[in-house]
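Written out below as structure tokens is the structure these notes cover.
Here is the naming used below: chain letters follow the sequence lines, and residue numbers restart at 1 for every chain. All values below come from the heavy atoms of this structure, side chains included, with hydrogens, waters and symmetry mates left out.
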2 protein chains.
Amino acid sequence: MPRPRSLTQAQLATAALAVIDREGLSGLSMRAVAKELGMSTMALYRYVDDRDQLEQLVVELVLGAVDTAPPGSEVPWRQRVETMVGRLRDCVGAHPEIVPLTLTHRHRSPAVLRWSEVVLGILSEAGFQGGQQVIALRGLLGYVIGAIQQEHLGSLSAAGTVAISELPPDRFPHLSATAQRARHIGVDQEFAGGLDMLLRGMAAMLAEGAGSGPSS
Amino acid sequence: MPRPRSLTQAQLATAALAVIDREGLSGLSMRAVAKELGMSTMALYRYVDDRDQLEQLVVELVLGAVDTAPPGSEVPWRQRVETMVGRLRDCVGAHPEIVPLTLTHRHRSPAVLRWSEVVLGILSEAGFQGGQQVIALRGLLGYVIGAIQQEHLGSLSAAGTVAISELPPDRFPHLSATAQRARHIGVDQEFAGGLDMLLRGMAAMLAEGAGSGPSS
DNA sequence: GCTGGTAGGCGTACGGTGTACTCCTAAGAA
DNA sequence: TTCTTAGGAGTACACCGTACGCCTACCAGC
């Protein structure tokens with residue numbers, strides 16, 4: 001076989017991620033990545049079918065860094081789930097610009113599959129039944145994605161909240177009062193609080209076993 | 001004053017939404033909307049600064065249809081929250097293509113502000129304290145957005161799940177088994193189950209009052 | 001060492017996008 | 001009727017993703 005590849009997919013993804021980190025997601029283009037690598041635009045297409053596929057590589061690079069080793073089973077399930085959620089959040093949060101990409105590509109990501117597998121294992125061991133497992137997993141995944149998004153575009157302490165707190169209090173009494181308070185809540189505190197709420201709900205579901213009967 | 005405007009912003013948004021519904025979100029372009037209205041491309045810029053602003057109008061058109069009348073206060077808070085969440089989901093679900101737009105524009109949407117105001121009122125009346133209200137609201141909003149997204153790109157019964165259920169069971173024992181079951185869970189059932197979980201968590205938070213102390 | 005074939009890499013070109021700028025003209029005010 | 005102003009059209013530019021065709025560096029077999 002002639003002429004070995006001079007670039008790995010990881011190198012390609014790294015270059016694209018560098019462009020994103022430097023110029024933002026809107027700065028990502030085939031031409032920019034090619035320049036980053038010192039090659040011509042069309043040379044990229046030897047490694048990638050599509051811009052879409054390049055984005056997938058970037059997502060995989062970031063999400064692949066998530067530690068998916070199952071946490072020690074001596075700690076309670078709740079804490080283990082917190083650990084898994086925290087790892088996912090940390091890795092995505094390190095590159096907030098790619099959040100929109102994760103939304104589009106996560107369902108094809110092996111890293112997310114591995115993560116889901118481990119979380120399902122924890123849930124199963126904790127005693128969640130079939131249908132409950134699905135709902136709990138989707139709920140957790142949805143929460144992390146949603147929370148990261150909210151954090152990224154307009155956290156509680158950001159300009160948006162300030163604007164809200166200046167709304168006419170007669171038309172938005174609760175909202176303006178709440179926004180005043182919300183400015184003092186850190187993003188970590190908010191994330192932890194929301195997760196706490198979700199986990200309490202899961203625990204309640206586990207205790208009662210009701211609400212979502214499996215199909216069987 | 002000369003020459004009254006011949007188009008309202010609502011007409012503009014309606015035309016853009018028609019394009020989206022017909023050709024998908026990727027078919028949305030200034031040229032396409034102009035053609036839909038039978039005018040030249042640049043004429044749109046008399047009404048809108050930006051493509052971004054046009055998108056905002058579309059989001060507002062869809063989200064503005066959400067009924068934000070507070071549900072009757074005789075029913076318990078839990079049920080009232082379910083009503084509000086359901087209304088939001090129904091309106092967005094009627095135009096699934098705009099989901100990505102709502103992610104980018106919702107924090108500037110008056111309709112979302114009204115919705116949030118009403119939900120905060122319900123939570124406040126139910127007895128949630130300051131910091132808890134914020135977390136509960138963000139949790140709810142995040143859940144709806146996240147769930148709609150998951151529904152739209154790859155629901156449990158869609159092709160993605162089928163692919164997952166065909167994974168090598170030795171490497172993904174829980175995932176492949178769960179995906180088999182998940183295929184039989186309807187999207188409505190899944191949504192309701194997740195919301196139920198969240199509401200249980202909120203109820204637990206309310207009962208114990210712990211976890212997320214307000215800043216004061 | 002030579003040669004053939006494969007695949008890496010490059011340049012050009014096309015159809016699309018958002019939008020800045022300039023012009024013409026329709027319509028209300030005087 | 002004329003002036004003023006804003007609506008609308010047309011052109012043009014920079015940028016995008018990528019289809020296509022070319023040249024050439026590399027490795028296998030001889």
- Message: Without decimals, in angstroms, what is the distance between B:Met30 CE and D:dG8 P?
- Response: 14 Å

- Query: Starting at CG of A:Leu54 and ending at C1' of D:dC16, how long is that distance when rounded to a whole Å?
  - Reply: 14 Å

- Rounded to whole Å, the CE-C1' distance (A:Met39 to C:dG8) equals 8 Å

- Item | Whole-Å distance separating the OH atom of A:Tyr45 from the C1' atom of D:dG21 | 16 Å

- Query: Rounded to the Å, how far apart are A:Leu44 CG and C:dG9 P?
  - Reply: 10 Å

- Report the nucleotide, chosen from D:dG7, C:dG11, D:dG17, that has the shortest atom-to-atom distance to any side-chain atom of A:Met42. C:dG11

- Considering only D:dA9, C:dT17, C:dC10, which nucleotide approaches the side chain of B:Ser29 most closely? C:dT17

- Task: Take atom CZ of A:Arg46 and atom C1' of C:dC10, then tell me their distance rounded to the nearest Å.
- Result: 10 Å

- With the side chain of A:Ser40 defined as its heavy atoms from C-beta on, choose the nearest nucleotide among C:dC10, C:dG18, D:dG8. C:dC10

- Item | Aromatic ring pairing B:Phe191/B:Tyr143, orientation class (parallel under 30°, perpendicular over 60°, tilted between) | tilted

- Task: Would you mind reading off the distance between B:Leu28 atom CG and C:dG16 atom C1', rounded to a whole angstrom?
- Result: 14 Å

- Query: Between A:Tyr47 and A:Gln9, is any pair of side-chain heavy atoms under 4.5 Å apart?
  - Reply: no

- Query: What integer distance in Å separates A:Lys35:NZ from C:dC10:C1'?
  - Reply: 15 Å

- Query: What pair of heavy atoms forms the shortest contact from A:Glu97 to A:Leu25, and how long is it?
  - Reply: OE1-N, 3.0 Å

- Look at the side chain of B:Arg31 and decide which nucleotide, out of C:dC10, D:dA12, D:dC16, has an atom nearest to it. D:dA12

- Message: If you compare all heavy atoms of A:Val118 against all heavy atoms of A:Pro71, which two are closest, and at what distance to 0.1 Å?
- Response: CG1-CD, 4.4 Å

